[in-house]
Amino acid sequence: MSAAIDSIDSLLFSVSRALCTPFAVFVQIQGCVICLLLAAGWAGAAYVRNREIRQMKKCMKDGNHFSFLSHDIRDLEHSKQIKLPGVTVVMPLKGFGEHNLHNWRTQLTSLYGGPLEFLFIVDRTEDPAYHAVSRLLLDFKDDVDARIIVAGPSTTCSQKIHNQLVGVEKMHKDSKYVLFLDDDVRLHPGSVGALTAEMIKNPEIFIQTGYPLDLPSGSLGSYCIYEYHMPCSMGFATGGRTFFLWGGCMMMHADDFRTDKHGVVTQLSDGGYSDDMTLAAISGAHKRLITSPPVAVFPHPLASDLTFSRYWNYLRKQTFVLESYTTTINWIMNRALFFVHFYLSWGFVSPYIMAIFHVAAALRFHFKYNIAEEHILNPNGLRLVSCLVICTTIELLSMWNLTRVEVRLCNMLSPEAPPLSLSAYNWGLVFVAMVVDNFLYPISAIRSHFSQSINWSGIRYHLRNGKIHKIDRTMEKGKKFSDLAAKRLYGRKAQSKISILGTLSRSLANWRQPKKYDASLVKYDDPISYGVTFLDTGGDFKLLDKFLKEHSCFSTSSSSSRKTDIDWKKFAPKVDAYNNVIAKAIAQGTGQTVKGIFILSNAYTNQVQNGGNMLSNQAMEEKNGISRTTTITNEINKSNGSTKENGINKSLKRCNKPLSFSLFVLNL
């Protein structure tokens, strides 16, 4: 036994010495350099995002408490809002997952003052997404311009591209811009407005894009996806021009599709597999501009049960896009990306593998007291390990800082939403995910290169000469769930097994529930929040306040009456025409904003009050001869520019769940 251990020790020391040769030292120093380059890239991205945060804070300090919508509050004037161009939002759907409903609500209740049209595209009515969206649109019936379209199966391109092209065919003829969104994009209230403002400011922009901020669910697979996206996030945090494109968020000129400019429709429909890679290739070939505004970062919660096998299939899809191309130059660029990513991935992992041998040899040397020859252990091995530890720490700190800044930015851009927290990230798993993801990427890329086929949402695509030439729809034999969002792709939900003990425990828990609800027992996501706006017609609200406090979890924030000469009708030309969509959105507990009306949570109540104070001062200045008028739009403009003249909150829904009221009284 002792001889076997001695032979293992001898082998371990030999390997450690071999890893101190000039070539091995170069590999390990190269790994340290890669870590520092990643840290520098993330530091630059954090600077760009943090600059936007500082700008928003400065605007708030100057009195603009709606800076999460626009840095210049004058852009929210009613006279400017009614002139905004029409936007069609096209969302190709496949399956239905745990986060889809909330994501769709954030899109439907986007705070954009211009005509806004939503097109949900599915391939067939049997898709679970079709029924989910149909029920959702019933809640917003006649209040938003949204419809669901059945595109049918694709035959010459990927199903996603086919759905997108059908969407642009069906979009409103007056739409100036088209925004492609994935169903896992969670928009901020002002996202559509921010993207549109940049398109108006610079007509030369070909595509505007953004990037997701992954919210890992706790599994190793979710952290691997987070780690995979983080290096790519550098290219999207430029605050302007970029060469990268994310298919989850792309805003383009609608006329580019109507006229097939640069062959966008032709190249997408003719064997196109990846929408973003194809459009990026077109942009590069014709020297067109792609930009990514600093506010275009979107929370992306990953599935709570995201397994490692689903991560692997997702990685396969990401590496498979490098096998698709449209031109020879595009093929050369993809081959270059293939080899560079291949080299850097294993160049990043190799030093950690070498470090294991150095540390193991040092530990054995320390505990092997009978060894007198110190030359058998090269001390340079531990020096290299120390250098790698320092560089890795710097890299993780830079990644942590960028994530912290993006979390903070997302919270500021969506002040009404549940705040994101950095405490949910496990940085030990992040480090493990970095090593695992970079180790598996070259393996996945090699497999994609030799297989030339991929299963995407239950559909298998086969490539030939960079284009799709065959599509197999193996619905019955294929997988039932997607990769990231645990979306059910086909069929009905399988009934879970019910145990007697589980039934008894749930019954006991329900039996022990208190009969009356106390405010301390209500969690943020459990109740449905109602927001009510009253016109002050001289009535007394004290009796209503007393009743609600006694019979509900009630909070109030009312603006005090002011005896001023402010003409509120001037600041809000149609304050009596608030659309019922806000009532329905609040009744469904979305916590989102609707065009020109701010959700009546504490965050928005405070901001509306602050904004009211500012408007009061501006009105008094104007009365004293200072020409300065600011109007906060409250009109919901549909695609035809009309506003539905309904009473305030007529259609607030009753609910048998515990209620949490947030009341804002607008005194006119």
Side-chain angles (χ1 to χ4, degrees), residues 1-42 220 223-224 227-228 230-231 308 312 315 319 336-400 427-447 449:
M1 186 66 178
S2 178
I5 295 177
D6 289 340
S7 62
I8 293 175
D9 289 341
S10 177
L11 176 63
L12 189 61
F13 295 142
S14 299
V15 172
S16 179
R17 290 195 302 271
L19 294 179
C20 292
T21 59
F23 176 75
V25 171
F26 167 77
V27 172
Q28 293 170 82
I29 293 177
Q30 175 186 256
C32 294
V33 172
I34 293 174
C35 288
L36 294 178
L37 288 176
L38 288 171
W42 286 325
L220 178 59
Y223 278 100
C224 286
E227 193 283 328
Y228 175 83
M230 284 302 290
F308 195 79
W312 169 252
L315 184 62
T319 57
L337 286 174
F338 176 92
F339 288 111
V340 169
H341 206 157
F342 187 105
Y343 178 83
L344 293 178
S345 292
W346 276 359
F348 176 85
V349 173
S350 298
Y352 294 101
I353 298 176
M354 296 178 178
I356 294 175
F357 287 99
H358 288 311
V359 173
L363 291 175
R364 289 302 300 162
F365 179 81
H366 177 73
F367 291 107
K368 193 117 176 135
Y369 298 104
N370 61 334
I371 295 180
E373 302 87 353
E374 295 187 4
H375 67 275
I376 66 173
L377 181 67
N378 192 327
N380 290 331
L382 287 182
R383 295 191 184 101
L384 291 170
V385 171
S386 300
C387 181
L388 182 62
V389 169
I390 294 173
C391 294
T392 302
T393 303
I394 295 174
E395 177 194 18
L396 287 174
L397 285 175
S398 184
M399 183 189 292
W400 169 85
W427 295 100
L429 275 178
V430 169
F431 170 72
V432 175
M434 282 197 307
V435 178
V436 171
D437 181 67
N438 283 282
F439 177 77
L440 292 179
Y441 182 91
I443 299 175
S444 174
I446 293 173
R447 182 176 177 183
H449 177 70

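Counting from 1, the numbers follow the sequence of the chain as shown.
The minimum heavy-atom distance linking Trp42 with Met230 is given by the pair NE1-O, 2.9 Å. Here the closest heavy-atom approach between residue Cys35 and residue Glu395 is recorded as SG-OE1, 3.5 Å. Nearest approach of Leu388 to Pro351, heavy atoms of both residues: CD2-O, 3.6 Å. Cys32 and Cys387 make their closest contact through SG-SG, 3.6 Å (heavy atoms, listed as atom of the first residue, atom of the second, distance). Considering every non-hydrogen atom in both His358 and Cys20, the closest pair reads CE1-SG, 3.7 Å.
In this structure the side chain of Leu220 reaches within 4.5 angstrom of the side chain of Phe308, judged on heavy atoms. Side-chain contact between Gln30 and Tyr343 is present, with heavy atoms from C-beta onward closer than 4.5 Å. Annotation: side chain of Trp312 is in contact with side chain of Ile443 (closest heavy-atom distance under 4.5 Å). Here the side chains of Leu344 and Phe348 are not in contact, with every heavy-atom distance at 4.5 Å or above. Between Glu227 and Asn438, some side-chain heavy-atom pair lies under the 4.5 Å cut-off.
Rounded to the nearest 0.5 Å, atoms CG (Leu38) and SG (Cys391) are 11.0 Å apart. Here Met399 contributes atom CE and Leu396 contributes atom CG; the two are 6.0 Å apart, rounded to the nearest 0.5 Å. Here the straight-line distance linking atom CE of Met434 with atom OG1 of Thr392 works out to 6.5 Å at 0.5 Å rounding.
Between the side chain of Ser444 and the backbone N or O of Leu440, no donor-acceptor pair lies under 3.5 Å. Gln28 places a side-chain N or O within 3.5 Å of a backbone atom of Leu19 that can act as its donor or acceptor partner. Listed for the Ser16 side chain is no donor-acceptor partner under 3.5 Å among the backbone atoms of Leu12.
Counting non-hydrogen atoms of other residues, nucleotides and ligands closer than 6.0 Å to CZ of Phe357 gives a total of 12 or fewer.
Remark: Ser398 pairs with no residue by the side chain to side chain donor-acceptor pair (under 3.5 Å) rule, at least two apart or across chains.
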message: For Val385 and Val359: C-alpha separation, side-chain torsions, deciding distance, then whether side-chain contact (heavy atoms from CB on, under 4.5 Å) applies.
response: CA-CA 8 Å; Val385 171; Val359 173; 4.0 Å; yes
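When ring centroids are compared, Trp346 and Phe342 come within the 6.0 Å threshold. If you look at Phe439 and Tyr352, their ring centroids are not closer than 6.0 Å.
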